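The basis for the numbers below is simple: all heavy atoms, side chains too, and nothing from hydrogens, waters or symmetry mates. If you're wondering where the values come from, they're calculated on a predicted model, not measured in any experiment. Numbers here simply count residues along the sequence, with the first being 1.
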Amino acid sequence: WLYGLGTPESGMVSALNEQTSRALLIALAAGLLALFLALVAAGWISSPLRRVTETVKAIAAGDLTRRVGLSRRDEVGQLVTAFDEMTDSLVEKQEQLQGYSSHLEQMVQERTAELQRRTGQLAVLNQAAIRVQESLSPYTITWTACDELQKMGAFAQIFLVTETGLLQHVHTSMSEDMLREIRASFPEPIAFSLPLASIQGIWPRLQAGETLVATDLLPRLSAALPPETRPAFRWLQEHLPQAAFLLAPLTEAGKTSGALVVIGQEWTPADVPALALFARHISVALEKARWYQAESQARQVADTLRAADLAMSRSTDLDGLLAALLKHLGQLVPYDGATLLLLERDGRLRARASQGYDGWPEQKQMRTASFHTPDCPNLRTVVETQASLLIPDTQQDPGWDRTAPGAERIRNWLGTPLVAGDQMVGVCSIDKTEPGFFTEEHQHLTEALASMASVAVQSLRLLEQVRTSRARLRGLTQ
């Protein structure tokens, strides 16, 4: 059997063409959809990247406030979020760096200002040390030191230890404004001394050579100060409540002899070395000045004694010798009045020469006074012991003869015997109207001159007696 199937060619071609057209349309539609989807996907990815790029460029240009600001949960969103967090961290680090930079710059400025201040301070102190070393006068040294410190804006004081153990104020420098205020508050000059017991918390440290800064010195001192000094310290406490006190020891022969006190608002422990060094310069200058003064005084004493010996050896009469003795004694010991009393045969001491007492109502009586030695305890002591007697304050001495001419005016008295060999010749009496003036040094100088004059006085007195006897004898024979 033979089976056959036939289809018209035109119908088949038509169906094939229709199917091909439909396939092409579907393919074109799929391609367009794929292209659209590709474009959408590309935009979805590239848009955030463009914003990141723009943000990066803005940040690179200096705008640290720009952020991408995209909220997405996919990988791109995570990338953008990480980028914004990185930018925030960068800004924070930059702000920290700027803060560090500002702080560092401020520190540099402060250190520079401090360096300039200390450089200026050292320049002033160096110049001050030069000026201090140029002087041989203790007063000029202390004045110069305080004056130079005033140029630094400081209120400076110098205290020196006295023989009685007091810390005596010797000089102060201050600004004109402060000086006017102090003069208005205290019309009378302020001169005071501090008992060392009042600064027991500080003095041992100064004795140990320590320079220290104290901000609570005035309150600590106020309660222990003598009554006469408290008003001045209260004034300082009111006007300088926050002031810092820098105290540096002044030394002499290895011992603390005083203190340099510098008062200011800006003293710190860093200022201690420079001012401690300046205090040592002051100490050296004062010690050098004292040695110079001691040498000058010793030379002056030697010259005066030599001149007195020459003048007395050339004297041919007793009155001239006694006048020379009183003249040269006045050059050695600054007395107010002096009398040379010679011992008579009747045991009385008679005034033979005197100096001073000008304007005293008792002047004439004092220059012609005669004393019965047993009735005058002070003169009796000198004659009996053949030793000097120093009365610091006659009003406190029970043996002082208040009935003698001018005795009430005399407050300080020194009697020195004139002894030739072992024979009493007389008494050299010198006095002052202020108590406590004469010292042991004055006593030694008076004794030295009296010892030189005693033999000459005795010789001229004997010569005077011989001349008197001869004149009396000639008168009797004529």
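For the atom pair CG (L322) and CG (L418), the distance works out to 8.5 Å, reported to the nearest 0.5 Å. How far CD of Q443 is from CG of L390: 5.5 Å, rounded to the nearest 0.5 Å. Here the CG atom belonging to L414 is positioned 4.5 Å from the CD1 atom belonging to I430, to the nearest 0.5 angstrom. For the atom pair M107 CE and S102 OG, the distance stands at 13.0 Å (nearest 0.5 Å). Annotation: the span from L160 atom CG to E252 atom CD amounts to 9.0 Å, rounded to 0.5 Å. Atom CD of E295 and atom CG of L136 lie 10.5 Å apart (nearest 0.5 Å).
Side-chain atoms of T251 never come within 3.5 Å of backbone atoms of K255 as a donor-acceptor pair (strictly under, hydrogens ignored). Although no hydrogens or angles enter the test, the distance criterion places no donor-acceptor pair under 3.5 Å between the side chain of R299 and the main chain of A294. Checked by atom type and distance alone, the side chain of T368 pairs as donor or acceptor with a backbone atom of K364 at under 3.5 Å. Proximity of a side-chain donor or acceptor of D336 to a complementary backbone N or O of T433 within less than 3.5 Å is detected. A donor-acceptor pair under 3.5 Å links the side-chain atoms of N412 to the main chain of I391, judged by distance alone. Counting only distance, with no hydrogens or angles, the side chain of S101 and the backbone of L97 share no donor-acceptor pair below 3.5 Å. Panel note: side chain T256, backbone P249; no donor-acceptor pair is recorded below 3.5 Å. No donor-acceptor pair closer than 3.5 Å links the side chain of H103 to the backbone N or O of G99. No donor-acceptor pair under 3.5 Å is formed between the side chain of S89 and the backbone N or O of E85. A donor-acceptor pair under 3.5 Å links the side-chain atoms of T142 to the main chain of Y139, judged by distance alone.
Atom CZ of R111 is surrounded by 12 or fewer heavy atoms from other residues, nucleotides or ligands within 6.0 Å. Counting heavy atoms of neighbouring residues, nucleotides and ligands inside a 6.0 Å radius, atom CD of E440 does not exceed 12 of them. Surrounding NZ of K288 are more than 12 heavy atoms belonging to other residues, nucleotides or ligands, all under 6.0 Å away.
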Does the side-chain contact (heavy atoms from CB on, under 4.5 Å) test come out yes or no for I158 and W143, once each step is laid out?
CA-CA 9 Å; I158 288 181; W143 181 89; over 6 Å; no
I'd like to know whether M366 forms a side-chain contact (heavy atoms from CB on, under 4.5 Å) with W360, so could you lay out the CA-CA distance, the side-chain angles of the two residues, the decisive distance to 0.1 Å, and finally the verdict.
CA-CA 9 Å; M366 296 178 72; W360 288 31; 3.6 Å; yes
I'd like to know whether L149 forms a side-chain contact (heavy atoms from CB on, under 4.5 Å) with F278, so could you lay out the CA-CA distance, the side-chain angles of the two residues, the decisive distance to 0.1 Å, and finally the verdict.
CA-CA 10 Å; L149 288 172; F278 182 57; 3.9 Å; yes
What do the steps show when you test E447 against S388 for side chain to side chain donor-acceptor pair (under 3.5 Å), and what is the final call?
CA-CA 8 Å; E447 288 172 347; S388 297; 2.7 Å; yes
As a quick check of understanding, evaluate side-chain contact (heavy atoms from CB on, under 4.5 Å) for L449 and L325, giving each step before the final call.
CA-CA 8 Å; L449 198 56; L325 173 58; 3.5 Å; yes
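Heavy-atom minimum distance, A407 versus D401: CB-O, 3.2 Å. Here the closest heavy-atom approach between residue I282 and residue A145 is recorded as CD1-CB, 3.6 Å. Nearest heavy atoms, G415 versus V427: CA-CG1, 4.4 Å. Shown here for I141 and A289, the closest heavy-atom pair between the two residues is CD1-CB, 3.7 Å. In plain terms, the two heavy atoms of A279 and L260 that are nearest each other are CB-CD2, 4.2 Å. Nearest heavy atom pair, residue A338 against residue Y357, reads N-OH, 3.4 Å.
Within the 4.5 Å cutoff, side-chain heavy atoms of W400 are placed close to those of W413. Put simply, the side chain of S135 does not reach to within 4.5 Å of the side chain of T144, judged on heavy atoms. Looking at T211 and L247, their side chains never come closer than 4.5 Å, going by heavy atoms from C-beta outward. Between L305 and M452, the closest side-chain pair of non-hydrogen atoms falls below 4.5 Å. Residues F159 and V170 have side chains not in contact (no heavy-atom distance under 4.5 Å, counting atoms from C-beta outward). E148 has its side chain out of reach of V132: every pair of non-hydrogen atoms, C-beta onward, lies at least 4.5 Å apart. By the 4.5 Å heavy-atom criterion applied to side chains, T416 and V382 are not counted as neighbours. Looking only at side-chain heavy atoms (C-beta outward), L246 and V261 stay at 4.5 Å or farther from each other.
Ring centers of Y335 and H442: at least 6.0 Å apart, outside the cut-off.
Checking R411 against T394 by side-chain atom types alone, no donor-acceptor pair falls below 3.5 Å.
Under the side chain to side chain contact (heavy atoms under 4.5 Å, CB included) test applied with T373, the options R380, M424, E344, E384 reduce to a single match, R380.
Of the charged side-chain nitrogens involved, at least one lies within less than 4.0 Å of a carboxylate oxygen, so that D303 and R306 count as a salt-bridged pair.
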